[in-house]
Amino acid sequence: MGWICTKCGNCCRHVGEVPSMAGFAKEDGSCKFLENNICTIYDKRPPICNVAWVYEHFFKDVPEEEFYAKTEEACEKLRME
Ligand code: SF4
Ligand code: SF4
């Protein structure tokens with residue numbers, strides 16, 4: 001199955017809440033590399049920004065469908081904030 005990221009950019013607007021992304025956050029908590037909803041360093045973005053990478057490295061023991069369903073739920077939560 002493929003990843004269903006809608007490129008809404010909401011996760012990139014909350015990096016201030018992620019300790020390992022502190023160096024990326026502007027004062028409003030959004031990522032300094034997000035411009036017009038596009039990641040300007042996409043090819044060199046940190047691994048944590050890459051959902052497929054996160055799955056491969058940390059959640060491989062969880063069924064892929066389950067992992068992506070949980071991720072979609074998290075995206076939906078962000079959308080409602
Ligand atoms: S919040 Fe989810 S759907 Fe939106 S850009 Fe981030 S990963 Fe993609
Ligand atoms: S580096 Fe790119 S993908 Fe990662 S939070 Fe910043 S804008 Fe989003």
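Values below: all heavy atoms of this structure, side chains included; hydrogens, waters and symmetry mates excluded. Counting starts at 1 for both ligands and their atoms, following the listed order. Computed from a predicted structure; not experimentally measured.
- Closest to atom 5 (S) of ligand 2, if we only count protein heavy atoms, is Val15 CG1, 3.4 Å.
- In the vicinity of Cys8, heavy-atom distances shorter than 4.0 Å reach the ligand 1 atoms 1 (S), 3 (S), 4 (Fe), 5 (S).
- Interatomic distance, CG of Asn10 versus CD of Glu76, reported as 9.5 Å (0.5 Å rounding).
- One of the N, O or S atoms belonging to Cys75 lies under 2.8 Å away from atom 2 (Fe) of ligand 1.
- In plain terms, the two heavy atoms of Lys26 and Cys31 that are nearest each other are CE-O, 4.0 Å.
- Panel note: side chain Asn36, backbone Ile38; no donor-acceptor pair is recorded below 3.5 Å.
- Between Tyr55 and Val62, the shortest heavy-atom distance links the atoms OH-O, 2.8 Å.
- Between Gly16 and Ala25, the shortest heavy-atom distance links the atoms CA-CB, 3.7 Å.
- Given atom 8 (Fe) of ligand 2, the protein heavy atom at minimum distance is Cys12 SG, 2.4 Å.
- Assignment of Arg79 to the shell around ligand 1 is supported, since a heavy atom sits closer than 4.0 Å.
- In summary, an N, O or S atom of Cys31 is located under 2.8 Å from atom 6 (Fe) of ligand 2.
- Of all protein heavy atoms, the one closest to atom 2 (Fe) of ligand 2 is Cys39 SG, 2.3 Å.
- From the protein, the heavy atom lying nearest to atom 4 (Fe) of ligand 2 is Cys49 SG, 2.3 Å.
- Residues Glu56 and Lys60 are paired through a salt bridge, judged by an N-O separation under 4.0 Å between the basic side chain and the carboxylate.
- The shortest distance between side-chain heavy atoms of His14 and Ser30 does not fall below 4.5 Å.
- Contacts of Thr40 with ligand 2, taken as heavy-atom pairs under 4.0 Å, are absent altogether.
- Residue contacts with ligand 2 do not include Gly9, since none of its heavy atoms lies under 4.0 Å from the ligand.
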